[in-house]
Amino acid sequence: MPELPEVETVVRGLRRVLPGHAIVGVRLGKTDFIDDPVALAESLPGRRIGGVQRVGKFIDVELDPSEGPAERAVPLHLIVHLGMTGRLVVCPASDPIPLHTHVFFELDDGRELRYADSRRFGRMLVLPDAMIRAFHGKLGEEPLEIPAAEFRKRLAGRHARIKALLLDQHVLRGIGNIYADESLWKARIHPARSAAGLSAQRLDGLWRAIRDVLQGAIRSRGSSISDFVDAAGKPGEYQLRHRVYGREGEACHRCGSRIRRVIVAGRSSHFCPRCQAPPRSGRKGSGKRPGVRALKMKGQHHARRRATRS
DNA sequence: AGCTCTTCCTGAAAGC
DNA sequence: TGCTTTCAGGAAGAGC
């Protein structure tokens, strides 16, 4: 799943091979993940690629102005979100076309920038330069750029669960399920704890853990769980260093306890029950912890659904 | 404000 | 073995 480190890895790869080249044509397959496919296909050919940036989990490919009518005289940004299974790869146009490849940007040197996405949870749009500020404004801070004090301020007083806040792209941009779990493990914070219940020291620890985890993951060129590959088609290696994500039932690297998985904020959440103390439940002994839903057991809940609509 | 549920989609894994 | 069901998840929107 492409989160900040994976997107950063793709961006660094694209930055090495795209700038300076022109897009000469666009071919489209399925387009239901593109905001305005017609505009995309019409406005890109003839433009030269400038820089490539990462904005949270979005990839921003800058396109220079081109000759022609007035609307072509402004810079554009091709914005791509990889969703769950999106791949953005540069290769010779003669390479075989993998299944689920839906967008082809033909380059001026015989190569293509291709977008493939089996589940099509990704998103693609074109924005004029003037709208980029507003686009950034809708998102939270970059986790690797936000100062510790600002991070604390953003979370202080929030009663939502810390996991939900880490995943909220309006608070911080770029963190997803893997790195939220890994960071919380490193900071020894249970995912269901309320941000408001965390001391300044704990929040500083979390700020540091997030940086460590994200920077380590970028060094390993991201985590390849199912689909992720970089711009050259190569998988990352950080999945080998996961401490909790995908390790349910295995031993905690710190204390040996079995890693558990519960649903928090609607997301599968992995944690060590010993290192990451659960939130205090209101009444002791109730056995129920607020905000933690048990996983559905196999065989449970069968019937229902299929309420035939006639 | 914040939580849960639903929707989108497909391949893998589990279930029978 | 082989068909069927469930699940995973990023983000947005509905409803409570």
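Basis for what follows: all heavy atoms, side chains included, without hydrogens, waters or symmetry-related copies. Throughout, protein chains are lettered first and strands after them, A, B, ... in sequence-line order, and every chain is numbered starting at 1.
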- request: Return the nearest nucleotide to the side chain of A/Lys57; candidates are C/dG9, C/dA8, C/dG10.
  value: C/dG10

- request: State which of B/dC9, B/dC3, C/dA8 makes the closest approach to the side chain of A/Arg161.
  value: B/dC3

statement: Which of C/dA8, B/dC3, C/dA12 is nearest the side chain of A/Arg119? It is C/dA8

query: Any donor-acceptor pair under 3.5 Å joining the side chain of A/Arg123 to the base of C/dG10?
result: no

query: How many Å lie between CZ on A/Phe228 and P on C/dG10, as a whole number?
result: 14 Å

Ring-on-base stacking C/dA11 with A/Phe121 (under 5.5 Å, under 30°): no

query: At under 4.0 Å, does any side-chain N or O of A/Gln169 touch on OP1 or OP2 of C/dA11?
result: yes

task: Check whether any side-chain N or O of A/His100 sits under 4.0 Å from OP1 or OP2 of B/dG11, and answer yes or no.
output: yes

- prompt: Can you tell me how far P of B/dC3 sits from NE2 of A/His159, to the nearest Å?
  reply: 11 Å

- prompt: Using a cut-off of less than 4.0 Å, is there contact between a side-chain N or O of A/Arg267 and OP1 or OP2 of C/dG10?
  reply: yes

message: Strictly below 4.0 Å: does A/His81 bring a side-chain N or O up to OP1 or OP2 of C/dG10?
response: no

query: Within 45° of the axis and under 6.0 Å from the centre of the six-membered ring of A/Trp207, does NZ or CZ of A/Arg202 qualify?
result: no

message: Can you confirm if the NZ or CZ of A/Arg27 lies within 45° of the ring axis of A/Phe104 and under 6.0 Å from the centre of its six-membered ring?
response: yes

Tabulate protein N/O versus nucleotide N/O from nucleotides 14-16 of chain C, keeping only pairs under 3.5 Å, one per line.
none

message: Using whole Å, what does the distance between atom P of nucleotide B/dA12 and atom CG of A/Leu99 come to?
response: 11 Å

message: How many whole angstroms separate atom CG of A/Asp32 from atom C1' of B/dC9?
response: 9 Å

query: Roughly how many Å is it from CD1 in A/Ile263 to C1' in C/dT6, rounded to a whole number?
result: 13 Å

- prompt: Mind checking what makes ring-ring contact (aromatic ring centres under 6.0 Å, His included) contact with A/His242, not counting sequence neighbours?
  reply: A/Tyr238, A/Tyr245

field: Under-4.0 Å salt bridge between A/Lys186 and A/Glu182
entry: no

field: Pairs meeting criterion ring pair (Phe, Tyr, Trp, His ring centres under 6.0 Å) with involvement of residues 50-75 of chain A, two or more places apart
entry: A/Phe58-A/His81, A/Phe58-A/Phe135

query: Ignoring hydrogens and angles, are the base of B/dA1 and the side chain of A/Arg158 linked by a donor-acceptor pair under 3.5 Å?
result: no

- prompt: Any side-chain N or O of A/Lys30 under 4.0 Å from OP1/OP2 of B/dT10?
  reply: yes

query: Which pairs with one or both residues in residues 127-141 of chain A pass side-chain hydrogen bond (donor to acceptor under 3.5 Å, both in side chains), sequence neighbours excluded?
result: A/His77-A/Asp129

Residue pair A/Asp109, A/Arg111: steps toward the salt bridge (charged side-chain N to carboxylate O under 4.0 Å, His left out) verdict: CA-CA 6 Å; A/Asp109 61 353; A/Arg111 293 178 306 159; 2.7 Å; yes

query: Is A/Arg47 salt-bridged to A/Asp64, cutoff N-O under 4.0 Å?
result: no

message: Of the listed nucleotides (C/dG10, B/dT10, B/dC3), which one gets closest to any side-chain atom of A/Arg120?
response: B/dT10

- request: Can you tell me which residue pairs pass the side-chain hydrogen bond (donor to acceptor under 3.5 Å, both in side chains) test with a partner in residues 163-174 of chain A, sequence neighbours excluded?
  value: A/Glu142-A/Arg173, A/Lys163-A/Asn177, A/Lys163-A/Asp181, A/Lys163-A/Ser269

- request: For DNA chain C, find the residues of residues 236-245 of chain A with a heavy-atom distance under 4.0 Å and give them by number; none if there aren't any.
  value: A/Tyr245

query: Whole-Å distance between C/dC7 P and A/Met84 CE?
result: 15 Å

message: Looking at A/Arg254, I'd like to know if its CZ atom is crowded, meaning that more than 12 non-hydrogen atoms belonging to other residues, nucleotides or ligands lie closer than 6.0 Å.
response: yes

- prompt: Nearest-Å distance, CD1 (A/Ile225) to P (B/dG11)?
  reply: 19 Å

field: Integer-rounded Å distance: B/dG2 C1' and A/Ile162 CD1
entry: 14 Å

